[in-house]
Amino acid sequence: MDRAYYVTTPIYYISGNPHIGHAYTTIVADVLARTSRTFRPTFFLTGTDEHGQKVANAAAAAGKSPQEWCDELVPRWKALFAAYHIEYDDFIRTTETRHVEKVQRVFEHLRESGDVYRGKYEGWYCVDDETFWLESKLVDGRCPTCGRAVQWISEEDWFFRLSAYRDRLLEYFEHNRDWVQPRSVYNEMMVFLREGLDDLSISRTSFDWGVPIPGGGVIYVWLDALLNYITAIGWSEDEARFRTYWPASVQLVGKEIARFHTIIWPAILWALSETAPEVVFAHGWITVDGQKMSKSLDNAVDPFSLADRFGADAMRYFLLREAPLGSDFSYSEEKIAQRRNSELANDLGNLLQRTLAMLQRYRDGIVPGRKGSSALGGRFEPLPAIVRARIFALRFREALEGIWELVTALNRAIDERKPWELHKQNRADELDAVLYDLCEGLRWLAILLHPFMPERMSEMWRQLGTPERIDEDWSSSLRAWGGLAPLTQTAPAAPLFPKLDTIAQT
RNA sequence: GGCUCGGUAGCUCAGUGGUAGAGCAGGGGACUCAUAAGCCCUUGGUCGUAGGUUCAAGUCCUACCCGAGCCA
């Protein structure tokens with residue numbers, strides 16, 4: 001049995017409604033988790049980050065308590081993930097008791113070990129970004145990131161002795177050159193480390209929406225948030241479960257929060273005598289015309305509307321096929337429609353349709369027996385291992401390109417072997433061989449594409465009529481070409497991806 | 001101001017010193033099982049700019065320009 005696989009998304013800060021970028025990160029995690037579940041224990045965690053002054057302010061502006069605000073927003077995130085066919089194993093909220101009590105336990109633990117100490121903090125603080133700024137970095141006295149006013153904070157705080165972990169971090173980075181990806185982010189973190197680290201203030205006294213600290217104040221929201229990755233899997237509570245999943249196999253983060261996850265987070269883990277995650281992958285942003293989506297620009301796209309109009313599975317396919325995971329991606333609705341029509345409707349959907357139509361016409365929809373060996377089988381038997389490797393390397397584009405070679409090969413096989421002529425000439429054995437190859441190829445496609453497009457591939461599976469599960473271990477379901485049982489009764493074809501009118505660009 | 005990454009065909013990208021590639025889009029063709037889909041053929045690039053190293057540079061070096069980002 002392979003070691004368990006643990007994948008996390010960031011927990012999303014619920015100061016507003018979710019956008020397509022949140023769906024994107026979570027879809028990536030879902031593809032990894034669905035692929036992994038076919039052959040090993042897997043845990044996929046997502047959730048919401050609910051503490052901090054920004055949430056408290058947003059709630060106050062809406063005339064609600066912070067808890068009420070969060071309770072009303074969380075269902076929207078869960079609805080988003082449901083709309084995109086995302087199957088997480090757990091959804092953690094940082095306001096849940098199971099999280100809060102462990103965060104307090106971490107604090108006590110670090111105080112006892114000396115990694116947390118009392119000190120005085122003075123400086124500029126941006127409430128919206130939950131970030132401290134040096135005076136020199138301010139732009140016209142305002143936050144350089146969001147442009148909003150900053151506050152002068154002067155208080156007795158608790159500090160985390162981050163500086164003590166600098167050498168260990170440097171050594172870790174030097175010996176694990178792929179642990180932070182992509183390389184551009186790794187390089188920037190190395191530069192940051194070389195410049196030196198200050199201790200980190202981890203308490204706040206100016207507001208109270210957070211995890212309470214004994215003796216007063218609340219814990220800095222970033223420390224609170226980072227800990228979700230271990231509190232959700234039973235740290236300090238269920239040792240066996242925690243050891244099964246930790247360290248995380250892949251932690252997906254946005255590039256703007258890479259520093260928290262690759263410098264502060266490992267240091268905290270080491271202070272707790274735990275190990276750092278195996279890989280932190282910082283993905284880029286989805287942009288509209290090159291601009292990051294934001295409420296202030298009013299260019300955010302409603303992710304529910306996109307799923308409605310283009311189909312959730314088509315959106316999943318589009319994002320993983322077209323967006324380069326490690327850098328920004330400028331999306332457009334024209335591109336989505338283009339991919340959906342040419343690759344999903346024309347290449348794949350039509351392949352299923354024409355195959356089932358011929359099977360219906362020539363063989364009453366019943367899969368014929370195998371007739372000898374298959375050149376297609378010989379060519380594509382290595383494919384599952386290739387696809388799996390590319391998925392876990394987070395090279396989704398290449399995984400899908402590999403799968404599409406099979407789509408193209410099946411379409412080509414129809415044109416080259418001309419089943420309609422074989423039928424007219426009563427060459428039954430040859431016709432059977434072609435039809436079997438096509439059905440078997442479609443079965444492979446449904447299995448290989450299921451992690452990417454779970455709902456549509458389940459429909460394809462239904463039409464193919466095979467009784468097995470679509471998400472079995474590939475090492476059995478795709479062990480060899482020929483796994484599809486003869487005499488399987490297929491269903492009448494129904495378009496998998498009806499073609500959309502191409503959207504005119506203004 | 002220092003640094004990182006990127007700038008290759010209309011679009012999205014691959015190419016990690018040895019005669020410029022893929023998919024899509026565009027053009028042409030033969031076919032008909034099919035969501036006028038698929039298949040075959042094909043137009044198209046002075047590889048951001050200028051120098052340099054090398055028998056040979058998209059690939060290495062230097063400077064600069066543009067884009068994104070990290071830090072001060």
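Side chains included, hydrogens not; waters and symmetry mates left out as well; all remaining heavy atoms used. The sequence lines fix the lettering, A, B, ..., with proteins before strands; numbering per chain opens at 1.
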[M] and [N], which share atom name [atom1], separated by this distance in whole Å:
N     : M     : atom1 : value
B/G21 : B/U42 : P     : 13 Å
B/G23 : B/U19 : C1'   : 24 Å
B/G51 : B/C13 : C1'   : 29 Å
B/A14 : B/A22 : P     : 16 Å
B/C60 : B/G67 : C1'   : 24 Å

Mind calculating the distance between [atom1] ([X]) and [atom2] ([N]) to the nearest angstrom?
X      : N     : atom1 : atom2 : value
A/L400 : B/C13 : CG    : C1'   : 14 Å
A/R397 : B/U12 : CZ    : P     : 11 Å
A/K335 : B/G10 : NZ    : P     : 15 Å
A/R321 : B/C13 : CZ    : P     : 11 Å
A/R340 : B/C24 : CZ    : P     : 18 Å
A/E401 : B/C13 : CD    : C1'   : 8 Å
A/K255 : B/U4  : NZ    : C1'   : 12 Å
A/L320 : B/C13 : CG    : C1'   : 16 Å

Which part of the nucleic acid does A/R259 contact within heavy-atom distance under 4.0 Å: base, sugar-phosphate only, or nothing?
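Sugar-phosphate, no base atom in range.
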Which nucleotide in the set B/U12, B/C5, B/C24 lies at the smallest distance from any side-chain heavy atom of A/Q338?
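In terms of side-chain proximity for A/Q338, the closest of B/U12, B/C5, B/C24 is B/C24.
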For [X], which residues count as a side-chain contact (heavy atoms from CB on, under 4.5 Å) partner, sequence neighbours excluded?
X      : answer
A/Y117 : A/F159, A/R161, A/D199
A/R166 : A/L170, A/L197
A/P486 : none
A/Q489 : A/I366

At under 4.0 Å between heavy atoms, which parts of nucleotides 26-39 of chain B does protein reach? Answer with one letter per nucleotide, 5' to 3': B base, S sugar-phosphate only, - none.
------SBBB-SBS
ring-ring contact (aromatic ring centres under 6.0 Å, His included) involving A/H85 - partner list, sequence neighbours excluded:
none
Using Watson-Crick or G-U wobble geometry with both distances below 3.5 Å, tell me the partner of [N], or none.
N     : value
B/G17 : none
B/G26 : B/U42
B/U4  : B/A68

Between A/Y229 and A/W265, ring centroids under 6.0 Å:
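That pair passes the under 6.0 Å test.
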Is it true that A/R309 and A/D302 have a side-chain N and a carboxylate O under 4.0 angstrom from each other?
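Looking at A/D302 together with A/R309, the answer is no, because their closest N to O distance does not fall below 4.0 Å.
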Sorted by chain and residue number, the salt bridge (Lys or Arg N to Asp or Glu O under 4.0 Å) partners of A/E455 (sequence neighbours excluded) come out as none
What residue pairs, at least two apart or across chains, pass ring pair (Phe, Tyr, Trp, His ring centres under 6.0 Å) with a residue in residues 167-188 of chain A?
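Only A/Y172-A/W179, A/Y172-A/W270, A/F173-A/W179, A/F173-A/Y186 qualify under ring pair (Phe, Tyr, Trp, His ring centres under 6.0 Å).
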Expected list for residues 189-201 of chain A near RNA chain B, using heavy atoms below 4.0 Å, is A/V191, A/F192, A/E195
Could you walk me through whether A/R339 and A/E322 pass the salt bridge (charged side-chain N to carboxylate O under 4.0 Å, His left out) check?
CA-CA 9 Å; A/R339 285 275 179 198; A/E322 183 129 348; 2.4 Å; yes
